[in-house]
Amino acid sequence: MEKPEKSSFDRRSFLKTVAAGSAAGLVANAQAMSPQQTEQVGTGGEAATASETGLSGERPGSDFMLDVIKPLGFEYLTILPHSDSRGLQESIINYGGNRNPELITCLHEEACVAIAHGYFKIEGKPLAALIYGSVGLQHAAMAVYSAFCDRVPVYLILGNNVWDPNSRSVQDAAGMVRDFTKWDDAPVSLGQFAESAVRAYAVAMTPPLMPVALTVDKRLQEQPIAKGAKLRIPKLSSNTPPQGDSGAVSEVARLLVNAELPVLAVERAARTEAGLKYLVELAELLQAAVTDTIQRMNFPSRHPLNQDGSVMGRADVILALEHPQLSRSSLKPGAKLISISSYDLFTRSNYWDFGRYQEADLAIAADAEATLPSLIEEVKRLITSDRRRAFEARGATLTEARRRATEQNRIRASSGWDDSPISTARISAELWAQIKNRDWSLVSRSDSMNGWPQAFWKFEKYYHHIGQSGSVGIGYSAPASVGAALANRKYGRLSINLQNDGDLMFLPGVLWTAAHHRIPMLTVMHNNRAYNREVMLVQRAAAQRHRDISRCHIGTAIDDPNIDYAKLAQSMGWYAEGPIADPKELGPAIRRALAVVDRGVPALLDTITQPT
Amino acid sequence: MVGATLLILAIPAARVQAQQPAPTVDTAPAGNIENGKQAFKKFGCYACHGYSGHGGLSPSQRAGPRLATNPIPFPAFVRYVRQPGGRMPPYGDQVTDAELADIYAFLKSVPPSPDPKSIPLLND
């Protein structure tokens with residue numbers, strides 16, 4: 001092994017740079033090192049690493065890796081510790097001072113990724129997740145798939161050891177998630193690491209947003225930086241999102257303005273608060289109905305133009321925004337289907353994140369949010385006074401339909417109001433009464449508690465809910481809620497997690513992560529002691545086969561014994577109460593739990609619920 | 001309470017969701033309320049309609065409509081359970097007439113829900 005020598009990349013200079021200014025300043029001041037020189041680092045064959053030969057104190061490669069990562073702006077890095085990333089972990093802790101990124105300790109790799117998933121949906125910035133490239137990534141894979149389907153960038157850093165392989169090394173670590181990531185690389189030099197690390201960030205953050213993976217070799221982390229190495233940190237070039245072709249956008253505007261009943265069908269249309277505002281502006285300009293699959297906080301829940309899906313069957317023009325699974329079969333014959341979607345810009349073959357082929361009359365392959373401003377301007381240009389009068393009449397009709405639907409929901413909510421187990425409508429209403437005047441954020445799936453919050457809560461800001469999981473997989477919600485609550489913490493927002501019982505048991509260790517990192521949040525259990533939707537599925541299968549329909553609880557019920565979620569949470573540092581089955585106990589319990597959350601402690605209420 | 005696949009129980013709301021009492025000719029045979037409560041659970045009706053048949057928000061949330069207190073006339077009820085529309089499982093002859101009579105009696109015995117206007121939490 002060559003003798004490591006002190007690098008010209010001086011740590012004090014680096015720290016001064018960080019203290020002095022922005023990431024841009026850091027990039028500009030970073031000393032240049034040539035990739036050729038750094039490649040000496042990785043040519044030691046079977047030699048022991050620096051730390052193993054007692055040569056600690058020299059600057060290891062992982063310090064430079066951190067120099068590259070820091071300007072990308074990761075606030076946190078989720079980690080499940082493992083041998084092949086020990087060098088980078090140590091650099092983050094001691095060289096980087098465990099700040100930006102700060103390590104978030106997880107108890108399962110799936111939690112590492114799902115926490116990052118939830119965090120992004122509030123903060124709009126990715127988290128990095130440091131995972132063991134072989135066994136750890138296998139644990140994490142499901143959460144990577146969820147993020148992929150949900151168009152969420154997660155920055156995976158995979159520890160691996162190709163120079164001194166052991167029984168758990170892997171030739172191509174990222175290979176197992178390549179079907180549901182956007183890009184990956186396994187750099188063999190620090191110079192290449194710098195380029196690939198910055199490239200990975202840019203790729204992940206260019207619509208369609210998706211996870212990326214960067215494999216970091218153990219030896220590359222631990223070998224000292226070669227003397228005189230002239231490494232440099234590339235400047236991050238942020239890509240502007242792709243906008244729709246101007247001619248096609250004009251045609252969309254013409255169709256919408258002339259339509260009798262246009263519908264904006266939105267799925268992941270709003271990537272940011274700006275997207276939400278654009279959608280409101282477009283809908284109000286046209287007095288168009290909006291149907292929302294609530295995969296994102298696309299549209300205010302109480303807006304009079306927010307309609308249920310039945311309006312789709314009456315529409316003559318449907319604009320599907322980031323909504324590739326909207327089927328023509330749900331439309332009336334002759335209706336025009338228009339699509340603006342970035343899904344068409346990037347498609348994988350093996351694991352699907354799309355459904356049946358969408359037979360659109362006009363399909364624009366572009367980012368919907370980026371295209372909305374030009375579409376709005378074109379619509380404004382085309383609206384005549386005659387059309388405006390027609391729009392006003394249409395708006396009044398839709399407003400009345402919305403009022404009737406709200407009234408029906410109120411009647412439905414009153415049904416079983418005093419029942420025990422507690423109705424999910426009652427839980428939603430009791431909670432809303434105590435949070436409505438606060439700055440709150442629903443950090444669980446947006447359809448939690450059987451969708452009742454969507455029926456009554458006033459969702460109007462982008463952070464008011466975080467949408468769905470993407471993959472519809474179980475096990476997403478609990479860790480994603482912790483990630484979203486982590487992002488909400490610095491804003492002082494109250495994070496509310498409506499937690500399905502089966503989902504929590506996938507990764508209950510996230511309760512410890514939340515307590516350990518002082519992440520305040522209120523979790524209210526939807527504990528119906530079953531995988532209830534699967535009960536219904538098996539019932540249907542049995543009925544179709546003319547077999548015993550009374551045995552469908554087998555394999556779906558989560559009882560005998562009942563899980564005590566309050567004790568589970570208490571054992572990991574949470575304040576918790578329950579089980580609560582009497583609806584009259586609920587309001588006071590929520591009040592007590594909120595008082596605890598206000599002190600920075602996570603709290604859980606185990607509420608026993610009706611199944612629906 | 002989680003799941004990967006949609007199952008929309010879709011008894012047409014207008015037919016079944018009798019929120020307000022309506023005059024009907026009660027042709028139902030006498031049933032046993034307690035047996036009906038047990039049968040409602042045994043046959044898994046609770047999974048979509050709730051333990052007391054109060055129903056949920058909407059089919060899009062995989063919830064069945066309200067059945068309790070004032071269900072549709074018994075003959076229509078029997079026909080629908082045996083050969084439903086939508087995505088409700090067809091129970092065929094798995095449930096006997098006597099069991100259906102018990103379930104019907106149970107549903108009629110469920111106390112009426114409060115007037116939503118009387119619930120302050122539902123009026124904000």
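- Neither the backbone nor the side chain of A425(A) comes within less than 4.5 Å of any heavy atom in chain B.
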Side chain to side chain donor-acceptor pair (under 3.5 Å) for R66(B) and S415(A)? Distances and angles first, verdict last. CA-CA 8 Å; R66(B) 178 187 166 106; S415(A) 194; 2.4 Å; yes

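- Looking at K37(B) and D102(B), no side-chain N of the basic residue comes within less than 4.0 Å of a carboxylate O on the acidic one, giving no salt bridge.
- With a threshold of 4.5 angstrom between heavy atoms, L122(B) approaches chain A through its backbone and through its side chain.
- Checked against a 6.0 Å centroid threshold, the rings of W432(A) and W452(A) do not count as neighbours.
- Side-chain contact, Q499(A) with N497(A): a donor N or O sits under 3.5 Å from an acceptor N or O.
- When each of D548(A), L504(A), D308(A) is checked for heavy-atom pairs under 4.5 Å with chain B, D548(A) comes out on top.
- With a threshold of 4.5 angstrom between heavy atoms, E430(A) approaches chain B through its backbone and through its side chain.
- When A47(B), S113(B), G53(B) are compared by the number of non-hydrogen pairs under 4.5 Å with chain A, A47(B) comes out ahead.
- Looking at R545(A), neither its backbone nor its side chain comes within 4.5 Å of chain B, counting heavy atoms on both sides.
- Chain A forms the most heavy-atom pairs under 4.5 Å with one residue out of P114(B), G55(B), G92(B), and that residue is P114(B).
- Neither the backbone nor the side chain of K458(A) comes within contact range of chain B; no heavy atoms are under 4.5 Å apart.
- Aromatic pair Y351(A)/Y145(A): centroids less than 6.0 angstrom apart.
- In summary, of the residues considered (Q468(A), H323(A), Q325(A)), a side-chain hydrogen bond (donor to acceptor under 3.5 Å, both in side chains) with E267(A) occurs for H323(A) alone.
- Between chain B and the residues A429(A), A542(A), C552(A), the most heavy-atom pairs under 4.5 angstrom are made by A429(A).
- In this model, no donor atom of one side chain and acceptor atom of the other lie less than 3.5 Å apart for T291(A) and Q307(A).
- Between chain B and the options R547(A), H546(A), E407(A), heavy-atom pairs under 4.5 Å are most frequent for R547(A).
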How far apart are the C-alpha atoms of S329(A) and S327(A), what are their side-chain angles, what is the distance that settles it, and do they pass the side chain to side chain donor-acceptor pair (under 3.5 Å) test? CA-CA 5 Å; S329(A) 65; S327(A) 169; 2.7 Å; yes

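- Interface remark: A541(A) contributes no atoms to any contact with chain B (heavy atom separation under 4.5 Å).
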